[in-house]
There are 2 protein chains.
Amino acid sequence: MSTVGLKLRELREKAGFSLRKAAVAIDIDVAILSKMERGERKFSKELVLKLADLYKTNPDKLVIDFLSEKVLYALEDEEFGLEALKVAEEQLKYKNQNENE
Amino acid sequence: MSTVGLKLRELREKAGFSLRKAAVAIDIDVAILSKMERGERKFSKELVLKLADLYKTNPDKLVIDFLSEKVLYALEDEEFGLEALKVAEEQLKYKNQNENE
DNA sequence: TATAACTTTGACAAAAATAGTCAACACATA
DNA sequence: TATGTGTTGACTATTTTTGTCAAAGTTATA
C-alpha cells in the first residue's frame with residue numbers, strides 16, 4: 001500500500017540502481033532504504049527529493065504521494081477521517097487565499 | 001487559529017468550570033490544559049473526548065476539528081498540501097469502500 | 001557447488017519529539 | 001491580605017523516530 005515506496009522502487013530499478021548504490025548515492029544505510037521502499041519505515045521529504053533527483057524524475061507527484069501518506073498516517077483509522085480531511089481542505093483553501101497577512 | 005482549543009475553552013466557560021477544576025476532573029495538570037486551549041500544546045484525542053464528556057457536549061465535531069488540525073500540522077506549509085489532501089481523500093474513500101478485506 | 005552481488009531482517013543505540021511535573025508569577029476581587 | 005483565576009518557563013520522563021550494524025536470506029552466474 002505504500003505508494004511512494006513502490007514508485008521509488010520502480011524508478012530505481014528502471015534507472016538501473018541497486019539498493020546499495022542508491023543508498024550510497026543519497027548517503028543513507030541500505031537497510032533504511034530497503035525498509036522505506038517496502039513501507040516499513042517512513043520516508044522523509046528530503047530523501048524523496050534526493051531520490052527523485054538521482055533517478056532524474058520530476059519530484060512533484062512523489063512529494064504529493066509522500067504527503068498524502070503522511071496525512072493518512074496521522075488519521076490512522078479514525079471514524080471521522082474523511083470529514084477531517086474536508087475540514088482541513090477548507091481551512092487550507094482559506095489560508096491560501098489570505099496568504100498576505 | 002487553534003480551533004479545538006478555542007472551542008473547548010468556550011465550552012468550559014459556558015459549563016462554568018475553571019481551568020483548574022476542569023484539569024482536575026480529567027486528571028491532568030492545569031498548565032497542560034491552559035497550553036492546550038491556547039494551542040501551545042496539542043490535544044490528544046483522549047483528552048478531547050474527556051472534556052466533551054465533562055462539558056456534556058457531542059464530541060464528534062470536536063474530534064473532527066482535532067483531526068483536521070493534526071492533518072494540517074502534518075502538512076506544515078507544503079506547497080502541494082492541497083493536492084496531497086485530495087490524494088489522501090481518494091485513497092481513504094477507496095479504502096472505506098473495500099473495508100471488507 | 002561456490003562466490004558474488006543483491007535485499008531483508010532484527011537487535012540495538014542515538015537522537016528528537018512529545019508529554020508530564022512543578023513552582024512561581026500576574027491579575028483580579030472579596 | 002487572602003483566595004481564585006490563568007499563564008509561563010524550566011525541568012524531567014517517556015515515547016517515537018531515526019540511524020547503525022551484523023547476520024541471514026535470495027538470486028544469478030561461473
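Convention: sequence-line order gives letters A, B, ...; per-chain numbering from 1. Predicted model only: the values in this text are computed from it and were never measured.
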Please state how far atom [atom1] in [X] lies from atom [atom2] in [N], giving the value in whole angstrom units.
X: B:Leu47; N: C:dA19; atom1: CG; atom2: P; answer: 9 Å
X: B:Arg20; N: C:dA24; atom1: CZ; atom2: C1'; answer: 11 Å
X: A:Arg12; N: C:dT8; atom1: CZ; atom2: C1'; answer: 12 Å

So does [X] get a side-chain nitrogen or oxygen closer than 4.0 Å to the phosphate oxygens (OP1/OP2) of [N]?
X: B:Tyr73; N: C:dT18; value: yes
X: A:Ser18; N: C:dC6; value: yes
X: B:Arg41; N: C:dA19; value: no

Problem - Test side-chain contact (heavy atoms from CB on, under 4.5 Å) applied to B:Ser68 and A:Leu92, A:Val87, A:Leu75, the passing residue - result: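 The passing option is A:Val87.
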
Any chance [atom1] of [X] has more than 12 other-residue heavy atoms, nucleotides or ligands included, within less than 6.0 Å?
X: A:Lys50; atom1: NZ; value: yes
X: A:Glu13; atom1: CD; value: yes
X: A:Lys93; atom1: NZ; value: yes

Problem - Main-chain N/O of B:Leu85 paired to A:Glu89 side chain as donor or acceptor, under 3.5 Å - result: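 Side chain of A:Glu89 to backbone of B:Leu85, a donor-acceptor pair under 3.5 Å: no, none is there.
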
Problem - Donor-acceptor under 3.5 Å (A:Glu69 side chain, A:Val4 main chain) - result: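 Such a contact is found between A:Glu69 side chain and A:Val4 backbone.
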
Practice task
Answer yes or no: is there an ion pair linking B:Asp29 with B:Lys35, defined by an N-O contact shorter than 4.0 Å?
Solution key: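 No, this pair does not count.
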
Exercise for the section: Can you measure from OG1 (B:Thr3) to CG (B:Leu8) and round to the nearest 0.5 angstrom? Expected result: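 Atom-to-atom, B:Thr3:OG1 and B:Leu8:CG are 9.0 Å apart.
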
Handout entry: Selection: residues 26-35 of chain B, any non-hydrogen atom under 4.0 Å of DNA chain D
Key =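 Heavy-atom cutoff 4.0 Å gives B:Ala31, B:Ser34, B:Lys35.
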
Practice task
Under 4.0 Å from any heavy atom of chain A: name the first and the last nucleotide of DNA chain D that qualifies, 5' to 3'.
Solution key: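 Extent of the interface on DNA chain D: D:dT17 to D:dC21.
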
